[in-house]
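For reference, the structure discussed in these notes is given below.
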There are 2 protein chains.
Amino acid sequence: MENSQKALVLLRQIIRSTDMQDKEISRGTGVTPPQLMVMQTLREHTQLTSGELAKEMVLTQATITSILDRLEKKELVARERGKEDKRKVWVSLTDKGTELMKGAPTTQQDIFVRSFEDMQNWEQSMVVSSLERIAFMLNAQHLDAAPLLDIGELDRNQQEYAKK
Amino acid sequence: MENSQKALVLLRQIIRSTDMQDKEISRGTGVTPPQLMVMQTLREHTQLTSGELAKEMVLTQATITSILDRLEKKELVARERGKEDKRKVWVSLTDKGTELMKGAPTTQQDIFVRSFEDMQNWEQSMVVSSLERIAFMLNAQHLDAAPLLDIGELDRNQQEYAKK
DNA sequence: TCAATATATTTTGAATAGCTAACTAATTTA
DNA sequence: TAAATTAGTTAGCTATTCAAAATATATTGA
């Protein structure tokens with residue numbers, strides 16, 4: 001089989017695995033995968049407006065609104081109207097939400113991290129730079145396929161990634 | 001940053017990219033991502049029962065049934081009662097469905113394949129074996145977390161993978 | 001200043017996806 | 001052949017997702 005075909009099959013397998021993991025976490029926590037992703041995004045940024053959240057997750061604001069409604073009802077996130085600009089709504093994890101994120105979701109990652117750290121250092125570097133290649137190719141591909149987005153938006157996203 | 005953290009960030013980025021690609025294809029074809037995934041699975045196996053489809057995609061039969069209903073209405077897949085075992089329902093792509101799968105979905109992959117083939121051969125091998133490491137780690141992780149499945153099922157899945 | 005425009009979010013209405021539980025029909029087994 | 005199993009569908013529910021319209025606040029130009 002061609003190397004490129006092998007890569008595609010493996011990528012699909014990887015995505016499938018993470019997908020199944022998400023479902024497991026979901027079952028364990030009573031939080032749906034999209035809700036979980038919102039919470040993960042909030043954990044990384046500590047505070048975001050719902051508009052920023054929508055852009056980050058590539059969903060419409062309306063969708064974010066409904067997910068936030070449910071998370072708020074469960075008291076996992078809190079909304080607060082902006083003080084200076086009252087149109088904005090700042091969203092953040094509640095203590096309860098932060099607590100939940102300390103549990104199952106990270107233990108899954110921990111297992112991965114432990115396996116990863118069992119590798120030799122040279123192998124770790126190899127894997128990381130391979131993932132960089134893949135990520136770059138896929139990203140370029142997306143830029144090719146959708147040259148419609150405004151540059152500002154793309155720029156902003158890249159800055160988000162650069163932060164980490 | 002730790003190598004393992006880098007790997008996690010890159011993985012998320014990769015998944016996000018493919019996710020966005022799926023949405024683009026979806027918009028381009030009028031077929032939703034889950035529907036598309038069913039069609040991709042069918043393209044690989046040419047013919048499956050809806051139960052096999054459910055197992056392959058890790059969804060309940062009920063969910064598959066409703067997705068198939070919509071794909072059938074669009075005349076992209078066809079259902080046929082089994083001749084020997086009349087409980088079974090064999091599902092396959094129609095000509096129209098096959099035609100659709102020749103378009104956008106593969107051109108996206110083609111772009112990836114072209115970039116991939118631009119790499120030196122040693123680098124291609126490196127990327128493939130890195131993906132294998134990741135896939136293996138994620139898979140083991142899943143087995144750890146869900147030791148409940150029956151062995152036959154796992155075995156069957158592995159054979160499916162082995163086929164390709 | 002204040003009317004038009006822009007920005008941020010929510011509401012509404014509709015399609016889809018996903019689940020569990022209950023059901024029909026066909027096959028296997030005891 | 002009666003009971004159990006297997007394959008799929010149906011029904012009912014919640015959640016996700018979008019587009020379009022509504023609401024509220026900010027900014028800007030005459």
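Every chain is numbered from 1 and lettered A, B, ... according to where its sequence line falls, protein lines coming before strand lines.
- Atom CG of B/D85 is separated from atom C1' of C/dA25 by 11 Å (rounded to the nearest Å).
- In this structure, CD of A/E24 is placed 17 Å from P of C/dG18, rounded to the nearest angstrom.
- Residues A/M126 and A/F116 are members of separate hydrophobic clusters, defined by side-chain heavy-atom contacts under 4.5 angstrom among Ile, Leu, Val, Met, Phe, Trp and Tyr.
- As rounded to whole Å, 18 Å separates atom P of D/dT5 from atom NZ of B/K88.
- Salt bridge present: B/R12 and A/E44 bring a charged side-chain N and a carboxylate O closer than 4.0 Å.
- Counting only heavy atoms from C-beta outward, the side chains of B/R16 and A/M57 never approach each other to under 4.5 Å.
- No contact: B/E52 has no heavy atom under 4.0 Å from any strand.
- When base pairs are accepted only as Watson-Crick or G-U wobble with both N-N or N-O distances under 3.5 Å, DNA chain D takes part in stems of 3 or more pairs at C:1-30 with D:1-30.
- Counting to the nearest Å, the P atom of C/dA8 and the CZ atom of A/R79 are 17 Å from each other.
- Considering only heavy atoms from C-beta on, A/R70 stays 4.5 Å or farther from A/T32 through its side chain.
- The NZ-P distance, from A/K74 to D/dA15, rounds to 7 Å in whole Å.
- Rounded to a whole Å, the CD atom of A/E80 is 16 Å from the C1' atom of C/dA8.
- In this structure, B/Q35 places its CD atom 10 Å from C1' of C/dA17, rounding to the nearest Å.
- Taking side-chain N and O atoms only, B/Q61 has a distance below 4.0 Å to OP1 or OP2 of D/dG8.
- Contacts of residues 62-73 of chain B with DNA chain D (heavy atom under 4.0 Å): B/A62, B/T65.
- Taken together through direct or relayed side-chain contacts under 4.5 Å among Ile, Leu, Val, Met, Phe, Trp and Tyr, A/L68 and A/W90 form parts of separate hydrophobic clusters.
- Between B/R81 atom CZ and C/dA25 atom P the separation is 10 Å, expressed in whole Å.
- One finds a side-chain N or O of B/T49 lying less than 4.0 angstrom from the OP1 or OP2 phosphate oxygen of D/dG8.
- At a threshold of 4.0 angstrom between heavy atoms, the contacts of A/R27 with the nucleic acid are absent.
- Contact check, A/R87 against C/dA6: no side-chain N or O comes under 4.0 Å of OP1 or OP2.
- B/L8 and A/I134 end up in the same hydrophobic cluster when Ile, Leu, Val, Met, Phe, Trp and Tyr side chains are linked at under 4.5 Å.
- Among the nucleotides D/dC18, C/dT10, D/dA15, the one closest to any side-chain atom of A/L59 is D/dC18.
- A/I15 and B/L11 fall into different hydrophobic clusters, where Ile, Leu, Val, Met, Phe, Trp and Tyr residues are linked whenever their side-chain heavy atoms come under 4.5 Å apart, directly or through other members.
- A salt bridge does not link A/K74 with A/D69: none of the charged nitrogens is closer than 4.0 Å to a carboxylate oxygen.
- The hydrophobic clustering, which links ILVMFWY residues whose side-chain heavy atoms are closer than 4.5 Å, places A/F136 and B/I14 apart.
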